[in-house]
2 protein chains.
Amino acid sequence: MGAEGHADGTVGKALDVLDMVARHGRPVRFSDLLAQADYPKATLYRLLQTLTHQGMLTLDPDQGTYALGVRLVRLAHAAWAQSSLAPIARPYLDELAEKTGETIHLAQMDLGQVLYVDKRNAAKPVEMFAQAGKVGPAYCTGVGKAMMAWLSPEALEQVIARQSFLRHTDQTLDTPEKLVAELQAIRARGHAFDREEHEQGIICCAVPILSRSGRVLGALSVTSTTARTTLEALEGQAGLIKDIAAKIAAEAESWRFPEQN
Amino acid sequence: MGAEGHADGTVGKALDVLDMVARHGRPVRFSDLLAQADYPKATLYRLLQTLTHQGMLTLDPDQGTYALGVRLVRLAHAAWAQSSLAPIARPYLDELAEKTGETIHLAQMDLGQVLYVDKRNAAKPVEMFAQAGKVGPAYCTGVGKAMMAWLSPEALEQVIARQSFLRHTDQTLDTPEKLVAELQAIRARGHAFDREEHEQGIICCAVPILSRSGRVLGALSVTSTTARTTLEALEGQAGLIKDIAAKIAAEAESWRFPEQN
DNA sequence: CGTTTGGTTCCATTATTTGAAACTTAGTCT
DNA sequence: AGACTAAGTTTCAAATAATGGAACCAAACG
């Protein structure tokens, strides 16, 4: 509801509607949307019509329900391929997955949330959008904390303001104060841990991917379970993870314009 | 460029700009976009600003270039997960890939183009250009023809109008007439072939995925190379592919509302 | 068969978008 | 340096597109 705040212009409203449909996670009727949008009936109607006409939504004529359109998938493919991190990082993720035998995550920051842009499963092969595109909280994940720890003070403040600080497990850092203290430790140490803060039994070691100028590009993590390994063992991989992160950063930096290399 | 035609309203224009950035495939400067858009400077400028502010684009401040934003990846994940086909089809694609040992494609129709929504690579990867989110032509691919063959006359007309009929190989059906004749044969036969019409040496057998009411939901194909197999051998799999397509269709139909969370 | 619910269209009002032109940098050349 | 140029940003009155209250239509309901 009030969560969205300032939707600038018509475009903002349209995108807001798009998000609303996305959030539902399944086809929605006009009235469902009307109930939770605070746009007047006619406005919402025309917005939906425009988006549908544009292929961003599809209207199932039988059910009278709207769902996200395929045009988005096409756009996202382009987004993924052209974001400087994900496509470059691919071979490095493979390498890291093979060397560690664990699950690898590559994440970026998106409005205070962690957005997973790629993943390697311990056993299974690449699954494009099934995994990439998922979002998670920043304050209780390894990649989230790794990125936050190297954010500028202003940026960090904004991100912290967007955290829910829900107590997912009894290890969860559930206040901004605890988190800030942890971030300091992470910066000093050079890598972040997830000590079962998000899910019971899931631990990870994460490092940031930084540009030469120190800007946070993303984060890389190796995830495992307490059943299979320990934090200490994971920390043993920290050097390797950092090396890979550095390689990704270096290549991301030099890759900017493929035509002029 | 007359190509875009009717961009209805501001939203349409904004999405048009988004597509323009996507088409470039790499970060673009303002002036690059200005050169090929026929929007006036100020208009384009504000459009870009809005999109950037909305997270659909990101502006690299150092380079002064725009690229697609991560918000799109997030939206696309939702789009992928909520399109009735792709997530449902996943286990079936695995099954088909395992049974045939060949490359599997799952595609949907997007404005006259084929949009690949999922893929399984053969053990020996046939290096083709398709991955989830990628698009391809409809008139010279197995999945494209399989879907077209079951489209309503009106829908088919629209799709045909959007084909380029470029002669990719000397097998390519390069006129609407040849294509329409082929579609009739496909409908009669129940499955479509790609006889090296798009890429030399690449062949496939494709079937449509149809809803109970006969609407085209997508298409499923098994792709291989002339080096490894023959069309006749592929046709031997047609029954299997059809069975799988039918299973996917059935589940898609019954799945409409997966009550979750 | 009257009523409710869900969706679509009207249309005068209003606010937003528009785009030529002016302006500001930042970069290049002489 | 100073003069020129290219690239990006801002202005402002005019034009246009979005708005939303209300009327309308069509099923489904009781």
Side-chain angles (χ1 to χ4, degrees), chain A residues 1-2 4-21 23-24 26-69 213 256-257 259-260, chain B residues 1-2 4-21 23-24 26-69 213 256-257:
Chain A
M1 315 267 159
E4 295 319 323
H6 48 82
D8 51 356
T10 316
V11 179
K13 282 173 208 166
L15 295 176
D16 181 28
V17 169
L18 213 57
D19 261 348
M20 220 150 68
V21 176
R23 219 171 297 131
H24 261 82
R26 59 189 166 94
V28 265
R29 264 185 302 281
F30 173 75
S31 50
D32 296 331
L33 291 169
L34 185 59
Q36 72 184 242
D38 37 26
Y39 302 119
K41 222 181 183 186
T43 302
L44 179 66
Y45 181 71
R46 263 174 294 105
L47 243 30
L48 285 169
Q49 221 175 229
T50 304
L51 286 169
T52 303
H53 183 67
Q54 289 292 326
M56 300 297 277
L57 294 176
T58 48
L59 172 60
D60 181 333
D62 308 330
Q63 311 272 321
T65 56
Y66 294 91
L68 296 180
S213 64
R256 296 242 111 110
F257 291 101
E259 65 174 3
Q260 61 177 230
Chain B
M1 319 280 118
E4 296 317 324
H6 47 83
D8 53 352
T10 316
V11 179
K13 283 172 204 161
L15 295 176
D16 182 28
V17 169
L18 213 58
D19 260 349
M20 219 151 67
V21 176
R23 219 170 297 130
H24 262 81
R26 59 186 166 92
V28 265
R29 266 185 300 283
F30 174 76
S31 49
D32 296 331
L33 291 169
L34 185 59
Q36 72 183 243
D38 38 22
Y39 301 118
K41 223 182 186 185
T43 301
L44 179 64
Y45 182 71
R46 266 172 294 103
L47 242 30
L48 285 169
Q49 224 175 229
T50 304
L51 286 169
T52 304
H53 182 67
Q54 289 292 326
M56 301 297 278
L57 293 176
T58 47
L59 171 60
D60 181 333
D62 308 329
Q63 311 272 324
T65 56
Y66 294 89
L68 296 180
S213 64
R256 296 244 111 108
F257 294 101

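Computed from a predicted structure; not experimentally measured. Every chain is numbered from 1, with letters handed out A, B, ... down the list of sequences.
Taking both residues in full, the closest heavy atoms of B:Gly12 and A:Gln54 are given as CA-NE2, 3.6 Å, listed atom of the first, atom of the second, then distance. When all heavy atoms of A:Val21 and A:Tyr66 are compared, the closest pair comes out as CG1-O, 4.1 Å. A:Gly64 and A:Leu59 get closest at one heavy-atom pair: C-CD1, 3.9 Å.
Straight-line distance from the NZ atom of B:Lys13 to the P atom of C:dT16: 16 Å, rounded to whole Å. Distance, A:Arg29 CZ to C:dG7 P: 7 Å, rounded to whole Å. In this structure, the CG atom of B:Leu51 is 12 Å from the P atom of C:dT17, given to the nearest Å. Spacing between atom CG of B:Leu48 and atom C1' of C:dT17 amounts to 15 Å, rounded to whole angstrom units.
Distance check: A:His24 NE2 to A:Thr65 OG1 gives 11.5 Å after rounding to the nearest 0.5 Å. Rounding to the nearest 0.5 Å gives a distance of 8.5 Å between CE of B:Met56 and CG of B:Leu68. Taking CG of A:Leu15 as the start and OG1 of B:Thr50 as the end, the distance is 9.5 Å to the nearest 0.5 Å.
Scanning for side-chain contact (heavy atoms from CB on, under 4.5 Å) contacts around A:Tyr45 gives A:Phe30, A:Gln49, with sequence neighbours left out. Every residue two or more places apart in sequence or in another chain that forms a side-chain contact (heavy atoms from CB on, under 4.5 Å) with A:Ser31 is listed here: A:Arg29. Applying the side-chain contact (heavy atoms from CB on, under 4.5 Å) criterion to B:Thr43, with sequence neighbours excluded, gives B:Tyr39, B:Pro40, B:Arg46, B:Leu47.
Closest-nucleotide positions on DNA chain D for B:Gln49 and A:Thr43 were compared, and the one nearer the 5' end corresponds to B:Gln49. Comparing A:Val11 and A:Ser31 by the nucleotide of DNA chain C that holds the closest heavy atom to each, the one mapping nearer the 5' end is A:Ser31.
Taking a heavy-atom distance under 4.0 Å as the criterion, the stretch of DNA chain D touched by chain B extends 5' to 3' from D:dG8 to D:dA18.
You'll find the side chain of B:Leu51 reaches within 4.5 Å of the side chain of B:Leu18, heavy atoms only.
Contact annotation: A:Tyr45 side-chain N/O to C:dG7 OP1/OP2 distance is not under 4.0 Å.
Axis deviation across the helix from C:dC1-D:dG30 to C:dT30-D:dA1 amounts to 30°, comparing end segments of five pairs, rounded to 10 degrees.
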**Study point:** Verdict with reasoning, B:Arg23 to B:Asp19, per side-chain contact (heavy atoms from CB on, under 4.5 Å)
**Key:** CA-CA 6 Å; B:Arg23 219 170 297 130; B:Asp19 260 349; 3.7 Å; yes
Sort me out a list of protein N/O and nucleotides 20-29 of chain C N/O pairs below 3.5 Å, or just none if empty.
none

